[in-house]
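Here is the structure we will look at, set down as structure tokens.
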Amino acid sequence: METEPNLDLARELLKNPRYPRTCKYDPEWMVGLDMGCPTLWLLERLCEVMELKPGMRVLDLGCGKAAGSIFLAKEFGVEVWAADLWIPPTENWTRVREAGVESLVFPIHADARKPVFAQDFFDAMIGLNSLFFFATDDVFLPNYLVGLVKPGGQFGIVVPGFYKEFEGDLPKDLPEHLKQYWISCMLYSWHSGDWWKRHWLKTDQVEIELVDNFPDKEGFRTYLDWERIIGYKEKIAEDDAGRNITFVRLVARRNKNTPK
Ligand SMILES: C[S@@+](CC[C@H](N)C(=O)[O-])C[C@H]1O[C@@H](n2cnc3c(N)ncnc32)[C@H](O)[C@@H]1O
């Protein structure tokens, strides 16, 4: 997507002390690694409700340009398998080395839907702005994804979504102001927190520890702020004005005694 980043605004907003971890990173670096969302803001808030300890093995699934993987390694000392389909791992390896975390972050080219990883291998899985691309069908979670994390381990995801599911025949019955985004922003695979909760619970292999849109309208606000910083041509958050669009945060834990 064509963009015109506003670096002055980035420098102002990305130094927000409400995100003490994100504040440590160079605003231009974050803007340069944009893949559609304020990764570090969202990840910082996600990590606040997860248990991450040094030495844990974490899968960053759909890691994009690995900004989040680098953040996880630096902030929590975890080992990160930075797996992505579109971004070449060699490109991510350069970034990982520049960030000085080459002993902790391992970039991999992987299609999440292919059996690339060993079952029960990871202590946790994180998916930032990625699972709506490949994890919305009924089979992938119970038959494959849940099993990648050890029993008792956590899953943390953030996806763009809605406060409530839309009813009726979609996209026909979508609010008029959102219709133009149905294809271009992939609204057909966006869902509410309740939808994602049910989707994970249907596996019968996890407990849900948290699902929300971030406190105090933060899901919408971060969307809007990032849209202004990056200067996307599609001003979906601005047009929606807080009516429907937000980010969904969900943390699940694999049951201790789930059969594979
Ligand atoms: C919107 S980007 C988000 C990237 C990153 N997590 C971030 O927050 O900046 C979504 C990422 O999902 C990845 N993706 C989409 N389908 C995938 C698949 N089947 N397997 C692995 N990654 C996939 C894409 O390569 C892309 O980098």
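Just so you know, residue 1 is the first one in the sequence shown, and it goes up from there. Counting starts at 1 for both ligands and their atoms, following the listed order. A quick note: this is a predicted structure, and the numbers were derived from the prediction, not measured.
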Do the side chains of R95 and E98 get close enough for a salt bridge, i.e. N-O under 4.0 angstrom?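 No, R95 and E98 are not salt-bridged.
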Specify side chain, backbone, both or neither for [X], according to which of its non-hydrogen atoms lie closer than 4.0 Å to ligand 1.
X    : answer
F134 : side chain
A83  : neither
A67  : neither

[X]-[Y] side chain donor-acceptor pair, cut-off 3.5 Å:
X    : Y    : answer
Y232 : D34  : yes
D240 : H177 : yes
Y181 : D239 : yes
Q154 : E209 : yes

Taking D120 as the fixed residue, which of K150, R57, R254 is the one that meets the salt bridge (Lys or Arg N to Asp or Glu O under 4.0 Å) rule?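 Testing each of K150, R57, R254 against D120, the sole residue satisfying salt bridge (Lys or Arg N to Asp or Glu O under 4.0 Å) is R254.
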Taking the six-membered ring of F140 as reference, does the cationic atom of R113 (NZ for Lys, CZ for Arg) lie under 6.0 Å from its centre and within 45° of its axis?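 Relative to the ring axis of F140, which defines the angle, R113 lies inside both limits.
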Any nitrogen or oxygen of D60, side chain or backbone, less than 3.5 Å from one on ligand 1?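 In this structure, D60 places no N or O atom under 3.5 Å from an N or O of ligand 1.
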Output the list of atoms in ligand 1 that are nearer than 4.0 Å to some heavy atom of [X], sorted by atom number.
X    : result
F133 : 1 (C), 10 (C), 15 (C), 16 (N)
C63  : 4 (C), 5 (C), 6 (N)
D111 : 18 (C), 19 (N), 20 (N)
N129 : 1 (C), 2 (S), 3 (C), 10 (C)

Of the protein's non-hydrogen atoms, which lies at the shortest distance from [atom], and what is that distance?
atom                    : answer
atom 21 (C) of ligand 1 : A110 O, 3.3 Å
atom 20 (N) of ligand 1 : A112 N, 2.7 Å
atom 9 (O) of ligand 1  : T39 OG1, 3.0 Å
atom 1 (C) of ligand 1  : M35 O, 3.0 Å

Could you name the option among L85, L43, D84 that has the heavy atom nearest to atom 13 (C) of ligand 1?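 Shortest heavy-atom distance from atom 13 (C) of ligand 1: D84.
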Could you check which of S130, G62, G36 puts a non-hydrogen atom nearest to atom 4 (C) of ligand 1?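 Of the listed residues, G62 has the closest heavy atom.
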Would you call the rings of F247 and Y223 parallel, tilted or perpendicular, where under 30° means parallel and over 60° means perpendicular?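 Taking Y223 first and then F247, their aromatic rings lie parallel (interplane angle under 30°).
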Mind telling me whether W196 and H199 have parallel, tilted or perpendicular rings, with 30° and 60° as the class edges?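 Ring orientation, 0 to 90° scale: perpendicular.
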